[in-house]
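Only one structure is covered here, and it is reproduced in the block below.
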Amino acid sequence: MIVPRLQFELRSRTVKSVLSFFALVVGLTALLAGCGGPSAQYVINSADKTYLKVPNTWRQIDPAQFTEALGSAPAASSADGTWIVGYDAATGPALQHMFDPRTDEPVVLVSVDGVPEKSRGQISLDVVRDFRFPVSATARQQLELGASRLTDFQLLADEMLTPGHGVRGVHTVFAYRIDGGPPQVFDQIGYLNDDASKVYVAIARCSLDCFQERQSEIEGVVNSFTVREDSP
């Protein structure tokens, strides 16, 4: 079931187990090791068949920070609530860096949420787009009805994803100013499985200058996000 999610409105208060899947990860690790040592770390949620690759220079955000924001510890899998982890290129990794007015080092959050059966008919790709920040036209219209820290929205890319393996999704790149600060760029891939029982999201963020300088690094992280829902 969905527990209170880490959506933007929470920030104001200081804020994938499959042999073929693991064969892929082991093969990648061996390849990197044969090239002088691994340059990346692998974030694997075997229960939800989810995979992400992050540079070794990025540090994991303390899970206690998620516990404080969620009101309970992150779940071991989506069957128990929200599974969520974060990595930050900053010296002091912090969840708040996803939501501050300015973030000059890349930070990424990856999560899997279970959807209650009674709510699955309401889950669309726009819900996936808007899972962390308002991106769809409808969500942004609602945002304009009240006071918000978010302004100057720009949609930079929006691409439907049909990777198969039991999921479909959308890749969105967008920009906002937060509390009137400099433009911040968000690169997000979100997936919905075929029966709409799970939402998978990876979102990376940093300032516009940072994104321009480290675009290939950030894109490498986000584009590595892999779900194999239909694997045995």
Side-chain angles (χ1 to χ4, degrees), residues 4-15 39-45 50-70 73-74 82-113 128-135 149-154 156-157 170-191 199-226:
R5 296 179 305 187
L6 209 58
Q7 295 172 312
F8 188 77
E9 289 74 11
L10 295 177
R11 282 38 106 209
S12 58
R13 63 182 183 91
T14 45
V15 177
S39 60
Q41 51 194 315
Y42 300 90
V43 184
I44 302 171
N45 174 348
T50 304
Y51 159 90
L52 186 78
K53 182 173 69 174
V54 180
N56 267 338
T57 54
W58 296 25
R59 299 169 176 84
Q60 184 173 2
I61 296 170
D62 187 345
Q65 296 184 31
F66 292 96
T67 299
E68 180 179 358
L70 290 167
T82 295
W83 175 87
I84 184 168
V85 295
Y87 285 79
D88 194 340
T91 302
L95 174 58
Q96 188 61 32
H97 292 163
M98 181 59 69
F99 311 108
D100 280 339
R102 182 183 184 114
T103 297
D104 291 320
E105 298 282 353
V107 57
V108 64
L109 304 182
V110 57
S111 63
V112 187
D113 276 85
V128 176
R129 284 184 177 91
D130 300 331
F131 207 73
R132 297 288 173 222
F133 294 85
V135 176
R149 298 174 59 198
L150 302 173
T151 58
D152 297 331
F153 173 82
Q154 286 187 294
L156 305 176
V170 61
H171 181 194
T172 309
V173 183
F174 57 96
Y176 266 117
R177 294 181 189 270
I178 302 177
D179 292 338
Q184 306 295 298
V185 179
F186 302 82
D187 191 343
Q188 173 178 273
I189 286 181
Y191 290 115
V199 177
Y200 314 75
V201 177
I203 181 170
R205 174 231 166 149
C206 65
S207 67
L208 176 59
D209 289 344
C210 160
F211 189 84
Q212 290 173 334
E213 293 173 2
R214 304 177 70 167
Q215 183 173 358
S216 61
E217 181 182 6
I218 296 167
E219 289 179 343
V221 171
V222 176
N223 291 338
S224 76
F225 187 44
T226 305

Check: Arg205 and Leu109 side chains under 4.5 Å, non-hydrogen atoms: no

Mutual orientation of the aromatic rings belonging to Tyr51 and Tyr42 [parallel < 30°, tilted 30-60°, perpendicular > 60°]: parallel

Euclidean distance, Met98 CE relative to Cys206 SG, rounded to 0.5 Å: 10.0 Å

Salt-bridge present (Asp88, Arg59; N to O < 4.0 Å): no

Pairwise side-chain contact, Val135 with Phe153, heavy-atom cut-off 4.5 Å (strictly under): yes

Check: Ile178 and Phe99 side chains under 4.5 Å, non-hydrogen atoms: no

Sub-4.5 Å side-chain heavy-atom contact between Tyr191 and Ile189: yes

pair Val221-Lys53: side-chain heavy atoms closer than 4.5 Å: no

Backbone of Gly181 reached by a side-chain donor or acceptor of Asp179 within 3.5 Å: no

Minimum heavy-atom distance between Val85 and Gln60, given as atom pair plus value: CG1-NE2, 4.3 Å

Spacing of Phe66 atom CZ and Ile61 atom CD1 [to the nearest 0.5 Å]: 4.5 Å

Side chains of Val173 and Phe186 in contact at under 4.5 Å (non-hydrogen atoms): no

Chi angles and distances behind the side chain to side chain donor-acceptor pair (under 3.5 Å) call for Asn223, Glu219: CA-CA 6 Å; Asn223 291 338; Glu219 289 179 343; 5.1 Å; no

Distance, nearest 0.5 Å, that separates CD1 of Ile218 from CD of Glu213: 9.5 Å

Spacing of CZ belonging to Phe225 relative to CD1 belonging to Ile203, to within rounding of 0.5 Å: 11.5 Å

Criterion side-chain contact (heavy atoms from CB on, under 4.5 Å) on Val43 and Val54, from CA distance to verdict: CA-CA 7 Å; Val43 184; Val54 180; 4.0 Å; yes

For Leu52 against Ser224, the heavy-atom pair lying closest together: CD1-OG, 3.5 Å

Sidechain N-carboxylate O distance under 4.0 Å for Asp104, Arg102: yes

Asp113 and Thr82: CA distance, side-chain angles, deciding distance, side chain to side chain donor-acceptor pair (under 3.5 Å) verdict: CA-CA 5 Å; Asp113 276 85; Thr82 295; 2.6 Å; yes

Contact check, side chains of Trp83 and Tyr200, non-hydrogen atoms, under 4.5 Å: no

Chi angles and distances behind the side-chain contact (heavy atoms from CB on, under 4.5 Å) call for Gln41, Tyr87: CA-CA 10 Å; Gln41 51 194 315; Tyr87 285 79; 3.4 Å; yes

Verdict with reasoning, Leu156 to Asp187, per side-chain contact (heavy atoms from CB on, under 4.5 Å): CA-CA 9 Å; Leu156 305 176; Asp187 191 343; over 6 Å; no

From CZ (Arg177) to CD (Gln154), nearest 0.5 Å: 8.5 Å

Between OG1 on residue Thr91 and CD on residue Glu105, distance to nearest 0.5 Å: 7.0 Å

Contact check, side chains of Glu217 and Pro55, non-hydrogen atoms, under 4.5 Å: yes

Arg132 and Gln188 side chains, donor-acceptor separation under 3.5 Å: no

Mutual orientation of the aromatic rings belonging to Tyr176 and Phe133 [parallel < 30°, tilted 30-60°, perpendicular > 60°]: tilted

